[in-house]
Amino acid sequence: MNPLFTHFRRALDECMPYLLTTQQNYPQLELAPLGISLKKRGLILDPQLRENEEFLHLVQNLDRLTFGPLEMTMPKWVSYDAGIMPSGIFGFCGRASSLDQWVRRALKVPEDYEGLVPLTQFIAIPTPERNAWYLHTISSLNQVCMGAAAPANLTLLTICLGVRVFRMQRLYGATQWRSSRLGMYVGLGPLEIITAYTHNHSVKKSVTWRLDIQRALVEAALINDGASVAAQPATHMIDVDDIEALKRIQTEIESGVKYHIVGQPSTRGSIVQVPVRRSE
Amino acid sequence: MSPDEYIQQHLTLQGLEPFLVATSYNRVNFNLNPYGLSIKQEYLIDPTHSASERFCDLLLALDSTTFGPEGMPMDKWVFYDICYMPGAVFGFGIQAQQAPQELLDLFKVDAQENVLIPLSMYGAIPMTQRDAWMGHNLCSIGSKLKFRNFKGLGTLSKALGLKVVQAKEFYGATQWSSVALNVHIKFGPLKLYTSYTPAHSESHTLTYGFSCTDHALLAAMGHPDYDFERPAPEQWITPNDQEAMITLQDQIEAGEHFCIPSAPQSHPDHKHQVPIASLASKLFTHL
Ligand SMILES: CC(C)(COP(=O)(O)OP(=O)(O)OC[C@H]1O[C@@H](n2cnc3c(N)ncnc32)[C@H](O)[C@@H]1OP(=O)(O)O)[C@@H](O)C(=O)NCCC(=O)NCCS
């Protein structure tokens, strides 16, 4: 096995990558991300063929299960119009038989179904900026079925391979400041802050970020824990629940000051802080 | 009449301001003068800036006013994540200070407020395939307003929106029952990619596409010098006829090619019926 994946041996033994993409998008994609051949050891499905209906329903169930509890209702058309049509869905799947009965029920796996079941999904939308994408969804069955459903850290593996499948050189995203996901993204490189207080998001305490993607840093994220080696030292910590501070930074960003998230969020008691670097 | 003259003199657009919601880094890839119609600096709206919030909230109101009864209004975060950040939203509006009472009441806007009230919007995102775009939101309040005739506003917004983002190929997905098919069909016969779509949680969805030539856009907007040859319908599908959708889907999967050649027609028992024609032996350079 490629030493890059030493820490992910279990995930690669027990699960298989899948890619749902249309005939139009297929030719543009990388089918051997970081050397893992999706053709040889993965599942590549055309979501517009009827024979793939069952797997597609399970992907929709995963979506509902992971988004439902957040009460962020996703209109029905979104995963088709903003996922399958413009790009595709990448993730890992496992045998239905590997799931506990209660997990099967939660995911609404049909009684007699013994095929493959999606465990994670990664969706990003292309943008007009060449090779720049916007992160739409990254979710894992582990989020809701704590540790019972899929090997640990499958989300990180999904995102590291996903950015390669779609040949991304830059990734944008919006994440709630309190989300532990920020820690995972900053593992891939420093995150430039585009909005610190996001007026047009339902959760204004969200950060919009931009990540420049380099293969070496993605590979390093699979090996090292913590912030990316490319991150510079922090100049200060942001208390993510200090709305006035977030608004102040937002005003500064709008007038041209640059901020980067350069480290893992730290939580002490009820205070969550994120290390950032300010530069004029 | 030149295309630019036709658009600039279009009666429906008189007194309306075009707007574009897009980030500064996406905007540099766009055409901000579609057919000579220039978008004023103040209506180039950057969704990452705090000053955009009021207008973006009015877009949300437009969305729920138009979609409300059909039950597909969007949350604020969906707008942000799907419309503004990866793509663009283009449309037309009227400044509050110039708006009639009917419009101010509908949007609960004060006549003194310095804000644009949106009447239509078209949202699209790029696809992995270069220069191809996927449309995902179209709404127009034109037909609901009494103070003036806004005929064609939905179609103009889509056509000019596609010109702004410089789309070369276009894809869309819509329900068989949607009235918006009346807008889409103006861009010419629509090539069918799926007729039954389990990947969409509403499986009675069709996926269609067309090439965004100037010919297609100008014909859609009613320019008298541009038109299409439309094949004769060979069959009709009603919005609940799942069996017919699946049969057609099986034929598409087997490699046959179909299009929706022309607008839906009325049907005594259904919302409408949609015509289908085979593309097998016909030459349609447009598709
Ligand atoms: C669909 C919608 C965008 C049309 O906007 P509009 O400004 O009325 O569109 P246009 O004036 O360009 O009309 C284009 C054609 O559609 C027809 N049309 C519009 N609304 C119609 C309706 N409710 N029933 C039947 N035909 C309709 C028009 O008559 C016109 O055809 P014609 O030129 O042959 O007469 C608008 O009604 C709307 O926002 N609806 C709710 C949202 C929606 O369904 N969006 C589409 C899904 S993405």
Side-chain angles (χ1 to χ4, degrees), chain A residues 20-25 27-29 47-54 56-57 59-60 72-82 84-88 124-130 132-136 166 172-174 194-195 197-203 206 208 210 247 250-251 253-254, chain B residues 22-23 25-30 46-53 56-57 72-82 84-88 125-130 132-137 165-166 169 171-173 193-194 196-203 205 207 209 246 249-250 252-253:
Chain A
L20 284 170
T21 194
T22 62
Q23 279 174 27
Q24 286 80 31
N25 295 328
Q28 337 291 331
L29 306 181
Q48 294 187 329
L49 298 187
R50 273 214 307 135
E51 65 191 27
N52 299 323
E53 184 164 358
E54 204 149 30
L56 286 162
H57 283 312
V59 173
Q60 283 159 8
M72 284 188 143
T73 40
M74 179 96 80
K76 284 181 170 178
W77 49 269
V78 167
S79 81
Y80 190 72
D81 285 24
I84 284 169
M85 279 303 290
S87 58
I125 308 173
T127 76
E129 194 183 336
R130 197 133 169 75
W133 293 63
Y134 187 83
L135 177 63
H136 169 47
F166 297 104
Y172 291 84
I194 306 294
T195 66
Y197 187 76
T198 309
H199 290 271
N200 287 315
H201 200 285
S202 323
V203 182
S206 293
T208 311
R210 163 162 56 200
K247 285 185 177 170
Q250 174 65 24
T251 309
I253 290 172
E254 288 184 23
Chain B
T23 63
Y25 32 91
N26 285 343
R27 201 194 293 153
V28 291
N29 299 292
F30 296 156
D46 186 336
T48 67
H49 282 212
S50 27
S52 65
E53 186 176 8
C56 289
D57 283 347
M72 288 172 102
M74 280 196 272
D75 273 353
K76 201 163 168 159
W77 71 273
V78 181
F79 255 95
Y80 190 74
D81 272 7
I82 294 176
Y84 304 152
M85 296 304 292
I125 44 181
M127 296 176 64
T128 312
Q129 192 188 339
R130 204 153 157 66
W133 283 70
M134 171 81 195
H136 61 73
N137 190 316
V165 300
Q166 316 208 64
E169 293 299 322
Y171 294 84
Y193 291 93
T194 68
Y196 173 78
T197 318
H200 193 292
S201 29
E202 203 66 69
S203 53
T205 292
T207 312
I246 291 179
Q249 176 66 22
D250 287 343
I252 295 171
E253 290 187 20

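Side-chain atoms are counted along with the backbone in the values below, which use heavy atoms only and exclude waters and symmetry mates. Numbered from 1 within each chain, the chains take letters A, B, ... in sequence-line order.
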Between A:Arg130 and B:Arg130, is a side-chain contact (heavy atoms from CB on, under 4.5 Å) present by the stated rule, with each step listed?
CA-CA 9 Å; A:Arg130 197 133 169 75; B:Arg130 204 153 157 66; 3.0 Å; yes
Side chain to side chain donor-acceptor pair (under 3.5 Å), that's the test. Do B:Ser50 and A:Glu254 meet it? Break it down for me.
CA-CA 8 Å; B:Ser50 27; A:Glu254 288 184 23; 2.7 Å; yes
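In this structure, the separation between CD1 on A:Ile125 and CE on B:Met134 is 11.0 Å, given to the nearest 0.5 Å. Within the model, atoms OH of B:Tyr171 and CD of A:Gln24 stand 4.0 Å from one another, a figure rounded to the nearest 0.5 Å. Between the CE atom in A:Met85 and the CE atom in B:Met127 there is a gap of 4.0 Å [rounded to 0.5 Å]. Considering CG of A:Leu56 and NE2 of B:His200, their distance stands at 12.5 Å, rounded to 0.5 Å. Distance CG/A:Asp81 to CG/B:Asn137: 9.5 Å, rounded to 0.5 Å. Here B:Asp81 contributes atom CG and A:His201 contributes atom NE2; the two are 4.5 Å apart, rounded to the nearest 0.5 Å.
Residues forming a ring-ring contact (aromatic ring centres under 6.0 Å, His included) with A:His199 (at least two apart in sequence, or on another chain): A:Tyr197. B:Glu169 is linked by a salt bridge (Lys or Arg N to Asp or Glu O under 4.0 Å) to nothing, counting only residues two or more places apart in sequence or in another chain.
For A:Ser87, the parts lying under 4.5 angstrom from a heavy atom of chain B are both the backbone and the side chain. Of the two parts of B:Asp46, neither the backbone nor the side chain holds a non-hydrogen atom closer than 4.5 Å to a non-hydrogen atom of chain A. For a residue to count as touching a neighbouring chain, one of its non-hydrogen atoms must lie under 4.5 Å from one of that chain's; by this rule A:Glu129 touches chain B with backbone and side chain alike. Looking at B:Thr197, only its side chain comes within 4.5 Å of chain A, counting heavy atoms on both sides. If you measure heavy-atom distances from B:Phe30 to chain A, the contacts under 4.5 Å come from the side chain alone.
Heavy-atom pairs under 4.5 Å with chain B peak, among A:Leu29, A:Leu49, A:Asn52, at A:Leu49. Ranked by heavy-atom pairs under 4.5 Å with chain B, the list A:Asn200, A:Leu135, A:Leu20, A:Ile84 is led by A:Asn200.
Judged by distance alone, the side chain of A:Gln60 and the main-chain N or O of B:Pro198 form a donor-acceptor pair under 3.5 Å. Under the 3.5 Å distance criterion, the side-chain polar atoms of A:Ser202 are matched with a main-chain donor or acceptor of B:Trp77. Panel note: side chain A:Gln250, backbone B:Thr48; a donor-acceptor pair is recorded below 3.5 Å. Between the side chain of B:Gln249 and the backbone N or O of A:Arg50 there is no donor-acceptor pair closer than 3.5 Å.
When all heavy atoms of B:Ile125 and A:Pro86 are compared, the closest pair comes out as CD1-CG, 3.9 Å. Listed here is the closest heavy atom pair of B:Pro126 and A:Pro128: CG-N, 3.6 Å.
Ring orientation note: the planes of A:Tyr134 and B:Tyr80 are nearly perpendicular, at an angle over 60° on the 30°/60° scale.
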